[in-house]
2 protein chains.
Amino acid sequence: MSRTPQHAPGPEPEAEARRPTIVDVARHAGVSKSLASRALRGDAGVSGPSRLLVQQAAGALGYRPNSAARSLVRGVSGLIGVVLNEIGNQHHTEIVAGVEDQARTLNASVLIGHGGHSALELCRQIDTMIELRVDGLVIVSSWVPGEVLERAGGEVPTVLLTQVDNPPPVIDTIASDDVAGARMATEHLINAGSRRPAYLTRSRSATSRARTEGVLLACQAAGLPWAVEQFDPGQQRQLAELVGTGRYDAVLCNNDLTAAEVIRAAHDHGLRIPGDLQVIGYDNTRLARFLFPSLSSVDQPQYLMGQRAVAAITERREGRTTAVREFYTPQLVERASTGQPHN
Amino acid sequence: MSRTPQHAPGPEPEAEARRPTIVDVARHAGVSKSLASRALRGDAGVSGPSRLLVQQAAGALGYRPNSAARSLVRGVSGLIGVVLNEIGNQHHTEIVAGVEDQARTLNASVLIGHGGHSALELCRQIDTMIELRVDGLVIVSSWVPGEVLERAGGEVPTVLLTQVDNPPPVIDTIASDDVAGARMATEHLINAGSRRPAYLTRSRSATSRARTEGVLLACQAAGLPWAVEQFDPGQQRQLAELVGTGRYDAVLCNNDLTAAEVIRAAHDHGLRIPGDLQVIGYDNTRLARFLFPSLSSVDQPQYLMGQRAVAAITERREGRTTAVREFYTPQLVERASTGQPHN
DNA sequence: TTGTAGGCGTTATCAT
DNA sequence: ATGATAACGCCTACAA
């Protein structure tokens, strides 16, 4: 028995290697296609022998349900879409893990689309997901324009996992409080003796802007000047040079990788960490533990946020019409890159 | 005009907020659904006024094509699936970028499925992709059993981007030569003076095994003993302790993050790099530049491999039946973590 | 328990 | 240039 289906009555001896459909399975098993459908899905009301027959036929033919056909007739796809702008990023990874685990409880699978740091591409991914008729959409980026969010939310339960300025009411938002996180981290730096703290970022996202705000608040409260140093992703040297000037005695970075750059530059310039320069990262990725000195970092409940996103989608599908607005307070994980050197 | 479709003739005044279909668009525009279909897709043979009418109707209704229906009737989905076991990994990121750029030339979009380090989940993702009827499948993991690969290859053009032992002929393989890469790296360590090199890994994949082989070959050729140190992902302390023993004077790590751990441990134990311990990573991720000292690393043409994978899929779809077996030779990028300290 | 028939939204093949 | 109409593969009343 070859695996390619061979329907004898066909007038074409050189038949194309067509994928077997449920009709083929039914014919092979000698039953109607509706019975085959029920048997394959484990429906009740199918006799033992029939079920077995159908299953064997499906196995012999290598049958695979066509999810396009199924989605079409059932109106749901069993797909949760996640759109983010950087897949090589521990922060996003944890969110996706949360989404996946929660999706598993719904027997849904997760599709990841990534915009590669391009807002346009990000929107295209969202369109693709919607046209695929995902049952819910999780957006992990603050680069999506409000109107796109609004359209998306009108078509499918949509959850945004970042802070934005004015989220439309049709979408839910579940975010970590970036203002609070940055403020807390900056206060930590100041309490440990910093008098010239700064915020370093390579991102222009709303998320990064919110962190700027947190730094500002902490500095104002302490009566200190505040500084933001913005770099473009390409600029490598500038960041290292800035660190070398010794202009700041403590920096909060937009993420752990940028913090790694800073630590590196400090080494090169002979600066002690945390003695000459305190450093805090953001996202508390695995990397933070492996740097030298180990990196203090702001931790967000990413996994939990991913889970909650899927829960919010479920609620929307079950009729909720009010918007979820959840905020989580991040935690500062203190390691060796901050604090008073001799304490 | 509200955005929810309101078909006047409907007998239900409390109509469900159904998604508008092409029939709604056609009715709204006063044309047949076939004409609407052609107009929306930009087919030739539609008069200017009709096209405009249809487009306006679609815009007014917020129409979105249902890709399930389209996929069903056309037999192609316009989707390329990528399955990998770790999305938070720069190595994979670059591959995906290559896949995406090449997919764009086919007007296809890319879906990412990730197995979260579970072989079972990985296979489930592959099944999902196949049932979604992706037009091609790219697998970036050496954990997928041969029989699963074979089945997948029988159903859809499939490309494996890792080295495995006996790839079935129905799938294409495009891989970087891990034996050669590890051998080259090890030879570099030996040339720089190492007499006790070792290979450090947290992975038990076929990829990692191949690298073991490369280390072995280099050591044998130099008449040196060879060593492999295998750790489980959870074990943190063991790796640090091993480094502290000073048992080895040079290590090749399975990836850059593990190399970061080693560097960190060396710092903690007061070992000089590269004087007391040379370190090489694998994958040449962004991180390698930011470590201190900067990390030598084995670079693979990941982006290119991603591109080639899609090209191979295209060729399969156009009738090629022989298997592609491409190998790329990796390059060693030398930085400050290896070499003779005073040269 | 099993079969029949209709429809999901789209494209494509015919006519007109 | 436009319009019927028949698929695509599956699910689901409804009937037997």
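On a predicted model such as this, the values are computed, not experimentally measured, just so you know. A note on names: the letters A, B, ... follow the listed sequences, proteins ahead of strands, and every chain is numbered from 1.
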Novice: dG9(D), dG3(C), dT2(D): which one has an atom nearest the side-chain heavy atoms of S34(A)?
Specialist: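 Per side-chain heavy atoms of S34(A), the pick is dG3(C).
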Novice: Checking contacts here: which listed nucleotide (dT2(C), dT2(D), dC10(D)) is nearest the side-chain heavy atoms of L35(A)?
Specialist: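 Nearest to the side chain of L35(A) among the choices is dT2(C).
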Novice: Separation of R27(B) atom CZ from dT10(C) atom P, in whole Å?
Specialist: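 Those two atoms, CZ and P, are 13 Å apart.
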Novice: In whole angstroms, how far is the C1' atom of dT10(C) from the CG atom of L40(B)?
Specialist: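 For the pair L40(B) CG and dT10(C) C1', the rounded distance is 11 Å.
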Novice: To the nearest 0.5 angstrom, please state how far the CD atom of E315(B) sits from the CZ atom of R308(B).
Specialist: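 Reported value, rounded in 0.5 Å steps: 5.5 Å.
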Novice: Find the distance N66(A):CG to dC8(C):C1' and express it as a whole number of Å.
Specialist: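 Answer to the nearest Å: 13 Å.
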Novice: Between dG3(D), dC11(D), dT2(C), which nucleotide has the shortest distance from any of its atoms to the side chain of V46(A)?
Specialist: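 For V46(A), the side-chain atoms sit closest to dT2(C).
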Novice: Any base atoms under 4.0 Å from S50(A), or only sugar-phosphate, or nothing? Heavy atoms, all strands.
Specialist: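 Here S50(A) touches the backbone only, sparing every base.
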Novice: If you look at every strand shown and take non-hydrogen atoms under 4.0 Å, does S71(A) touch a base, only sugar-phosphate, or nothing?
Specialist: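 Since no nucleic acid heavy atom lies under 4.0 Å of S71(A), the category is nothing.
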Novice: Is there a donor-acceptor pair under 3.5 Å between the side chain of R64(B) and the backbone N or O of R133(A)?
Specialist: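 Side chain of R64(B) to backbone of R133(A): no pair is present.
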Novice: Taking for each residue the nucleotide of DNA chain C bearing the nearest heavy atom, is the 5' side occupied by A44(A) or by K33(A)?
Specialist: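 It is A44(A) whose nearest nucleotide is closer to the 5' end.
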Novice: What's the closest nucleotide to the A69(A) side chain, out of dG9(D), dT2(D), dC11(D)?
Specialist: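 Selected nucleotide: dG9(D).
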Novice: To the side chain of S47(A), which of dT1(C), dT10(C), dT12(D) is closest?
Specialist: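 So the side chain of S47(A) is nearest to dT1(C).
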Novice: Measure from CG on L52(B) to C1' on dT2(D) and round the result to the nearest Å.
Specialist: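 About 17 Å, once rounded to whole Å.
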Novice: If I take atom CG in residue D43(B) and atom P in nucleotide dC14(C), what distance separates them, rounded to the nearest angstrom?
Specialist: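 The distance from CG of D43(B) to P of dC14(C) comes to 16 Å, rounded to the nearest Å.
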Novice: Base, sugar-phosphate or nothing for R64(A)? Non-hydrogen atoms, less than 4.0 Å.
Specialist: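 It contacts sugar-phosphate atoms only.
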Novice: Mind checking if R133(A) touches a base, just sugar-phosphate, or nothing, with heavy atoms under 4.0 Å?
Specialist: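 R133(A): no heavy atom of the nucleic acid under 4.0 Å.
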Novice: So, D24(A) side chain and T21(A) main chain: donor-acceptor pair closer than 3.5 Å or not?
Specialist: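 Confirmed, D24(A) side chain pairs with T21(A) backbone.
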Novice: Can you tell whether the side chains of R104(A) and D101(A) come within less than 4.0 Å, N to carboxylate O?
Specialist: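 Yes, R104(A) and D101(A) are salt-bridged.
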Novice: Can you find an N or O donor on one side and an acceptor on the other, under 3.5 Å apart, linking the side chain of R38(A) with the base of dG3(C)?
Specialist: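 Yes, a donor-acceptor pair under 3.5 Å.
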Novice: Starting at CD1 of I22(A) and ending at P of dG3(C), how long is that distance when rounded to a whole Å?
Specialist: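 In whole Å, dG3(C) P and I22(A) CD1 are 13 Å from each other.
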Novice: Write down the distance between CZ (R70(A)) and P (dC8(D)), rounded to a whole number of angstrom.
Specialist: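 One finds 19 Å between P of dC8(D) and CZ of R70(A), rounded.
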Novice: Of all the nucleotides listed (dT2(D), dG9(C), dG9(D)), which has the minimum atom distance to the side chain of T21(B)?
Specialist: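 Looking only at side-chain atoms, T21(B) lies closest to dG9(C).
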Novice: Among dC8(C), dA1(D), dG6(C), which nucleotide sits nearest the side chain of L72(A)?
Specialist: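 Of the candidates, dC8(C) comes closest.
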Novice: Has R41(B) got a side-chain N or O lying under 4.0 Å from the OP1 or OP2 atom of dA12(C)?
Specialist: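 Yes, R41(B) has a side-chain N/O under 4.0 Å of OP1/OP2 on dA12(C).
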Novice: How long is the line joining CZ of R19(B) and C1' of dT10(C), in whole Å?
Specialist: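 Between C1' of dT10(C) and CZ of R19(B): 15 Å.
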Novice: Checking side-chain polar atoms at under 3.5 Å, does T128(B) have a donor or acceptor matched by the opposite partner on R124(B)?
Specialist: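 Checked: T128(B)/R124(B) side chains show no N/O donor-acceptor pair below 3.5 Å.
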Novice: When you compare the side chain of I313(A) with that of V159(A), does any pair of heavy atoms fall below 4.5 Å?
Specialist: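 Yes, side chains in contact.
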Novice: Please confirm whether the shortest side-chain N or O distance from R74(B) to OP1 or OP2 of dT11(C) is below 4.0 Å.
Specialist: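 For R74(B), the contact criterion (side-chain N or O under 4.0 Å from OP1 or OP2 of dT11(C)) is not met.
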Novice: Can you tell me which nucleotide in dG3(C), dG9(D), dT12(D) comes closest to the side chain of S37(A)?
Specialist: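 Minimum distance to the S37(A) side chain belongs to dT12(D).
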